[in-house]
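So the structure is just underneath, and the comments pick up after that.
Order of the sequence lines sets the chain letters (A, B, ...), proteins ahead of strands, with each chain counted from 1. The figures that follow rest on heavy atoms only: side chains count, while hydrogens, waters and symmetry mates do not.
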Amino acid sequence: MTDPKESITIENVVASTGIGQELDLESVAMDLVGADYDPEQFPGLVYRTQDPKSAALIFRSGKIVCTGAKSTDDVHESLAIVFDELRDLSIQVEDDPEITVQNIVSSADLGRTLNLNAIAIGLGLESIEYEPEQFPGLVYRLDDPEVVALLFGSGKLVITGGKQVEDAKEAVDVISNRLEELGLLE
Amino acid sequence: RLRKWQERIRTKDAGERNLQFALSETDRMASALAIPRSVREVACVMYRRALDENLIRGRSIEGVATSTLYAACRMEGIPRSLEEVAAVSRVDRKEIGRTYRYVAQELSLKMEPVNPKKYVPRFCSELELSEEVQGKANEIIDTTTEKGLLSGKSPTGYAAAAIYASSLLCNEKKTQREVADVAQVTEVTIRNRYQEQIEAMGIHH
DNA sequence: ACGTTACTTTCAAAAGC
DNA sequence: GCTTTAAAAAGTAACGT
């Protein structure tokens with residue numbers, strides 16, 4: 001029996017940062033190749049990096065959101081590219097702006113199919129949300145770690161809402177143990 | 001003071017009017033869906049509860065009224081799908097679904113997932129299928145559910161496939177289109193569920 | 001009856017309506 | 001609450017061929 005924790009894959013990391021400088025997005029949009037800026041639709045300018053792949057949302061305030069990266073290292077690499085692009089536009093950027101991870105999305109596999117109906121009742125109808133007419137996944141909110149897990153009939157799951165890489169491992173442990181003690185695994 | 005007094009009367013009147021509107025809308029939708037009086041009353045009681053607990057704030061009256069009607073049907077064992085209630089509501093399916101989830105959470109309604117069997121009598125009678133077909137469809141649902149086929153699947157599509165399969169088995173064939181129309185799912189969904197179900201039942205056709 | 005694309009759910013940040 | 005970004009899970013739907 002392989003440990004489900006070994007199956008954990010980070011799918012997306014969202015982080016925020018700032019260059020400590022106000023920006024004129026109109027001119028940045030003109031000079032930055034590949035920038036998408038439509039202030040009527042959204043106040044942020046969208047800039048995509050290719051390697052590592054990510055999307056950066058750049059705001060007038062100089063604050064930046066980076067999403068789509070597959071690891072925290074990739075977030076730093078992507079943002080380093082964004083910072084350099086801005087410097088090339090002769091915009092002052094702090095030497096190493098503080099980068100805060102805001103959310104990590106992971107996927108994992110329990111290695112067994114799940115009876116979501118039984119799990120819904122076993123975990124308590126008041127603590128879960130399972131509406132297969134609307135979505136095939138069962139929504140399970142954990143207190144510790146404070147994350148949200150989506151459980152599927154295949155045994156695969158998605159863990160989101162965590163700010164640390166360890167949160168997903170703890171969540172998989174908590175979920176595996178709960179299902180095990182309720183006799184709902186296999 | 002007088003102004004405050006008038007305001008109270010005004011808001012009270014407005015509240016009364018809103019409540020009356022919600023109850024008449026519930027009645028209108030329930031009639032359109034041929035939902036029994038007893039279930040309408042459950043829906044109205046639920047709406048009043050939602051009102052008392054200020055769950056309407058930030059939401060439309062019609063959205064909450066539709067959601068409580070949907071919830072009441074499920075609670076009373078004669079579910080209507082979101083597609084069906086959305087067809088008689090001026091609120092779209094997505095909004096009804098999210099409002100229902102919110103109301104169910106806030107009112108601590110311990111709602112179990114809908115058993116596809118609950119749709120069998122109504123869908124079969126609309127298709128003029130016999131008791132035999134209904135029994136066989138229920139049997140397919142029970143057996144395949146025990147084998148774990150139901151997880152994550154929509155109850156209406158699941159019921160539709162079982163009905164389609166049993167109509168074949170009982171020589172009262174209905175086309176996938178006919179079943180899909182009454183269940184408000186696509187033929188693709190019926191085909192997919194049907195294949196899984198007959199395989200799990202060990203039926204060859 | 002395929003295949004492709006797209007929508008449902010969860011999460012967080014950003015600025016502004 | 002909404003707008004935008006990205007990503008996974010699995011089911012369902014709506015296209016075109």
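Within the nucleic acid shown, Arg98(B) comes within 4.0 Å of sugar-phosphate atoms alone, with no base atom in reach, counting heavy atoms only. Using a 4.0 Å heavy-atom distance criterion, Arg93(B) is classed as making no nucleic acid contact. Note on Val185(B): only backbone sugar-phosphate atoms sit closer than 4.0 angstrom, heavy atoms only; bases stay farther off.
A donor-acceptor pair is defined here as one N or O able to donate and one able to accept, closer than 3.5 Å; such a pair exists between the side chain of Ser167(B) and the backbone of Lys174(B). Checking side-chain atoms of Tyr47(A) against main-chain N and O of Glu85(A) turns up no donor-acceptor pair under 3.5 Å. Here the side chain of Asp167(A) pairs a donor or acceptor atom with the backbone of Gln164(A) at under 3.5 angstrom.
Non-hydrogen atoms lying under 4.0 Å from DNA chain C are contributed by Lys63(A), Val65(A), all within residues 62-99 of chain A. Listed in residue order, the members of residues 9-28 of chain A having a heavy atom less than 4.0 Å from DNA chain C are Val14(A). Taking every heavy atom of residues 40-58 of chain A and every atom of DNA chain C, pairs under 4.0 Å involve Phe42(A), Pro43(A), Leu57(A), by number. Contacts of residues 58-72 of chain B with DNA chain D (heavy atom under 4.0 Å): none. Against DNA chain C, the stretch residues 142-152 of chain A makes heavy-atom approaches under 4.0 Å through Val148(A), Leu150(A).
Bounding nucleotides for the chain A contact on DNA chain C, 5' to 3', at a heavy-atom distance below 4.0 Å, are dT8(C) to dG16(C).
The residue among Gln134(A) and Arg141(A) whose nearest nucleotide of DNA chain C lies closer to the 5′ end is Gln134(A). Mapping Lys163(A) and Lys94(B) onto DNA chain C by nearest heavy atom places Lys94(B) closer to the 5' end of the strand.
Using a cutoff of 4.0 Å between basic side-chain nitrogens and carboxylate oxygens, Glu187(B) and Arg177(B) are scored as salt-bridged. Taking 4.0 Å as the cut-off between side-chain N and carboxylate O, Glu166(A) and Lys169(A) do not count as a salt-bridged pair. Ion pairing of Glu196(B) with Lys153(B) is present here, as a side-chain N (NZ or NE/NH1/NH2) and a carboxylate O approach within less than 4.0 Å. One finds a salt bridge joining Asp36(A) and Arg48(A) here, because a Lys/Arg side-chain nitrogen approaches an Asp/Glu carboxylate oxygen to under 4.0 Å.
In this model, the phosphate group of dA10(D) is approached by a side-chain N or O of Ser154(A) to a distance below 4.0 Å at OP1 or OP2.
Taking the C1' atom of each, dC2(C) and dA9(D) are spaced 24 Å apart, rounded to whole Å.
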